[in-house]
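Before any comments, here is the structure.
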Amino acid sequence: MKDRDFGFATRTVHAGSRPDPTTGARALPIYQTTSYVFEDTESAAAYFNLQEYGNTYSRIMNPTVAAFEERVANLEGGVGAVAFASGLAAQSAVLFTLLRPGDHVVTSSALYGGTVTQFKHVLGKLSVKLDFVDPDDMDAWRAAISPDTKLLFAETIGNPGGNILDIEAIAKLAHDHDCPFMVDNTFATPYLCRPLDWGADIVVHSATKFLGGHGTSLGGVVVDRGDFDWSNGRFPVVADPSPAYHGLQFHETFGVYGFLMKLRTETLRDLGAAMSPFNAFLLAQGIETLPLRMRQHVANAQVVAEFLSAQPGVVKVAHPGLATSIYRPLVEKYLPEGTGAVFCFDLPGGRQAGSSFIEALTLFSHLANVGDAKSLVIHPASTTHRQLSDEELARAGIATGTIRLSIGIEDSNDLIWDLQQGLDACESNS
Amino acid sequence: MRVKLVNLERYQQPDVIRRTLTRLRVAVVGLSGNQLRASNFVGYYLLRHGYDVVPINPRESEIFGRRCFPSLADVPEPVDTINVFRDPSVVPALAEEAVAVGASCLWLQFGVISEQAAEIASAGGLDVVMDRCMKIEHARYIGRMHWLGFNTGTISAQRRTPR
């Protein structure tokens, strides 16, 4: 007999968080502790040898963080998850786990600016080779893969161009070359799209964004589908005996959990970017309302995008949910419930128009984040993507007059009223 | 990705797994004395959690300080669960032995996939679990797997351990 397959909304509230067996506490307890008392010396040895699931030190594991991890793993359909202090920490931990000097990564060019910087500079210092490709161009992906390629990477919904990723096609290409495919699912969240269901091997999130939803807490998380064959001969870093654990072979010993065990008990242990229990509590709390919030985010973003498309002072609205979007077939396949709430539009007046627009707003917060319950606005060319060259900006689909919006869950007519103020200011200044 | 030739879901039923986990006498066939092997991890874990582990390995005389038997037929006392870490090709014969010794369940670990063995054991009245790890399933339903962020797939608002 099968256990019941609970629905997504039920799992957002319950997954990972059963009543505390000791106290009966129904809310997720915040285990604000650095370390844990061992039952006896043999148990301590069993924990450190990884023979037993046990708490040792909160840099490596913590019961509150674990509840958040299990919740995200459950919603994404993975075998487990490991949380980190931020999305970039999560991403870098995967890179540090998988890559060695001389390895090669193929990545979409339509990425969050912080990811571009991380890839270019950190991977460069480690002598890992890197190729950026247009995520919409399957031939470019194929051409970029070399015998040294160990990872393909892209975002479900590209930041900030709104590219929709053909996850299934790129996953197949990666697997044809015995490579894992990692997807940043921050903008879609598992409510709108589950990349693991389409063949991706690893999902990463900046949980800071829609998962939390409140803009109070940084966090990142890595989810693994669990069936990539790390013992295919190309990943001795995962499959070979580990000198850090007396020759333990993670993939052979832990099977589908091997990669996550390695990620936690080696990379997280050694790099140290652990999530705090309090942040895990707030992020897990946020996830409880994910379906409700995402429905409102998506509906509001659609209304705002349609409003902007109808304005003469706006030249381009890169919202993949619009009927005119070139991504319609991919949206129908991967994101039928909506394409999220972060998108860009262009003001014809360049940098000057961008700042006039932002300064005339009342309700939108001008800041460098997305995925808050509050509506947010930013001018990427002067902020999030400032470190990019003009050529890189163009490759990421950003013009000097591009404005990025993250649409919140306010009343949509108030948002439109506010954006109208911005557009009026551009007109009077031009 | 693993090619699924056998309908594994049929042999991964949660109620069968939970029922088997309540029976404490477990013969581990192919248990290695090497601390780094998966079978040793599982045997050690089961022992820690109160299972009466019976090592079966013709090349060892003692593992975890417990007498090691060359085959199932050599075990003098009855056993409940036959937990198997062997090549799939030898598993049908093992299933015959499991039926002969009157075990309750044939449990085949990750990658030990044999439809023939499953049919022999089922016909002999045994429960069958296949391509599942006994340590992980114990940790999922009874133990502490959720402490390390793994997806246990269990949802409950009850304070008691799920049955």
Side-chain angles (χ1 to χ4, degrees), chain A residues 1-4 6 10-11 14-16 18-21 24 26 42-43 46 49-55 60-63 65-70 72-74 76-83 175 199 221 223 227-229 241 245-249 252-257 260-261 264-265, chain B residues 1-4 9-10 12-19 32 34-49 64 85 109-112 131-163:
Chain A
M1 196 179 70
K2 280 190 68 176
D3 288 342
R4 180 170 176 81
F6 289 103
T10 301
R11 291 182 286 127
H14 287 279
R18 297 238 310 269
D20 182 64
R26 176 59 278 204
E42 194 188 344
S43 297
N49 287 337
L50 309 182
Q51 290 163 307
E52 169 70 283
Y53 305 88
N55 291 315
I60 311 171
M61 73 286 280
N62 173 279
V65 177
F68 163 77
E69 291 166 334
E70 183 174 357
V72 178
N74 184 300
E76 285 285 6
V79 295
V82 180
H175 298 152
V221 62
V223 186
D227 63 355
F228 186 80
D229 182 11
Y245 279 98
H246 313 297
L248 180 66
Q249 290 172 275
E252 188 203 77
T253 304
F254 299 114
V256 299
Y257 304 102
L260 288 170
M261 284 296 279
R264 178 184 302 282
T265 64
Chain B
M1 266 171 283
R2 192 179 294 149
V3 181
K4 289 183 179 166
E9 206 174 285
R10 194 177 146 197
Q12 299 174 343
Q13 299 298 317
D15 56 336
V16 174
I17 288 173
R18 286 194 288 261
R19 179 165 72 218
S32 168
N34 177 347
Q35 234 200 1
L36 293 174
R37 300 312 302 263
S39 62
N40 193 283
F41 264 72
V42 172
Y44 180 81
Y45 176 93
L46 294 175
L47 207 53
R48 269 183 61 82
H49 286 272
F64 308 132
F85 287 85
Q109 287 285 135
F110 281 141
V112 186
D131 200 32
R132 279 283 175 266
C133 171
M134 200 165 169
K135 173 187 174 187
I136 288 168
E137 297 309 314
H138 178 277
R140 180 195 310 281
Y141 292 115
I142 302 164
R144 304 159 165 182
M145 189 182 184
H146 59 287
W147 281 6
L148 290 196
F150 293 124
N151 181 8
T152 63
T154 59
I155 299 265
S156 171
Q158 306 307 310
R159 198 163 161 178
R160 63 172 187 269
T161 305
R163 305 255 170 257

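All chains are named by letter (A, B, ...) in the order of the sequence lines, taking the proteins before the strands, and each is independently numbered beginning at 1. Just so it is clear, the model here is predicted, and its values are computed rather than measured.
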Review point. Given that the side chain runs from C-beta out, which part of A:Gln249 has a heavy atom under 4.5 Å from chain B: side chain, backbone, both or neither?
Key: neither

Practice item. Identify which part of A:Leu260 has an atom lying under 4.5 Å from any heavy atom of chain B, answering side chain, backbone, both or neither. Key: side chain

**Study point:** Heavy-atom side-chain contact between A:Glu52 and B:Arg144 under 4.5 Å
**Key:** yes

Practice item. Specify the closest pair of heavy atoms between A:Arg18 and B:Gln158, including all atoms of both residues, with the distance to one decimal. Key: NE-O, 4.2 Å

Point to revise | Contacting region of B:Arg19 [heavy-atom separation from chain A under 4.5 Å] | key: neither

Check your understanding: Between B:His146, B:Arg48, B:Gln13, which residue shows the highest count of heavy-atom pairs closer than 4.5 Å to chain A?
Key -> B:Arg48

Exercise for review: Mind listing the closest non-hydrogen atom pair of B:Gly149 and A:Ala73 along with its distance?
Suggested key: O-CB, 4.4 Å

Study note, to complete from the structure: On a heavy-atom basis, the closest approach of A:Asp3 and B:Pro14 is OD2-CB, 3.4 Å

**Study point:** B:Ala139 versus A:Tyr53, closest heavy-atom pair with distance
**Key:** CB-CE1, 3.3 Å

**Study point:** Smallest separation among heavy atoms of B:Ala157 and A:Pro19, with atom names
**Key:** O-CG, 3.3 Å

Study note, to complete from the structure: If one checks every heavy atom of A:Val82 against chain B at 4.5 Å, the contacting part turns out to be neither

**Study point:** Proximal component of A:Thr265, with respect to chain B [non-hydrogen, under 4.5 Å]
**Key:** neither

Point to revise | For B:Phe85, all residues meeting ring pair (Phe, Tyr, Trp, His ring centres under 6.0 Å), sequence neighbours excluded | key: none

Revision key, fill the gap. Value for CD (A:Glu70) from CE (B:Met145), rounded to nearest 0.5 Å, stands at 8.0 Å

Review point. For B:Thr152, is it the side chain, the backbone, both or neither that has a heavy atom under 4.5 Å from a heavy atom of chain A?
Key: both

Point to revise | Side-chain heavy atoms of B:Phe150 within contact of A:Met261, under 4.5 Å | key: yes

Point to revise | CZ (A:Arg26) with more than 12 external heavy atoms under 6.0 Å | key: yes

Exercise for review: Below 4.5 Å from any heavy atom of chain B, which atoms of A:Phe68 appear? Answer side chain, backbone, both or neither.
Suggested key: neither

**Study point:** Side-chain (A:Arg264) to main-chain (B:Leu148) donor-acceptor, under 3.5 angstrom
**Key:** yes

Practice item. Measure from NZ or CZ of B:Lys135 to the centre of the six-membered ring of A:Phe254 and say whether it is under 6.0 Å with the direction within 45° of the ring axis. Key: no

**Study point:** Between B:Ile136, B:Asn40, B:Val42, the one whose heavy-atom pairs under 4.5 Å with chain A are most numerous
**Key:** B:Ile136

Practice item. Please state whether the side chain, the backbone, both or neither of B:Gln12 comes within less than 4.5 Å of a heavy atom of chain A. Key: neither

Practice item. Indicate the atoms forming the closest heavy-atom contact of A:Leu50 with B:Phe41, along with that distance. Key: O-CE2, 3.1 Å

Practice item. Would you indicate whether the side-chain heavy atoms of B:Asn151 and A:Val79 approach each other to under 4.5 Å? Key: no

Study note, to complete from the structure: Cut-off 4.5 Å, heavy atoms of chain B, and the answer for A:Arg4 is neither

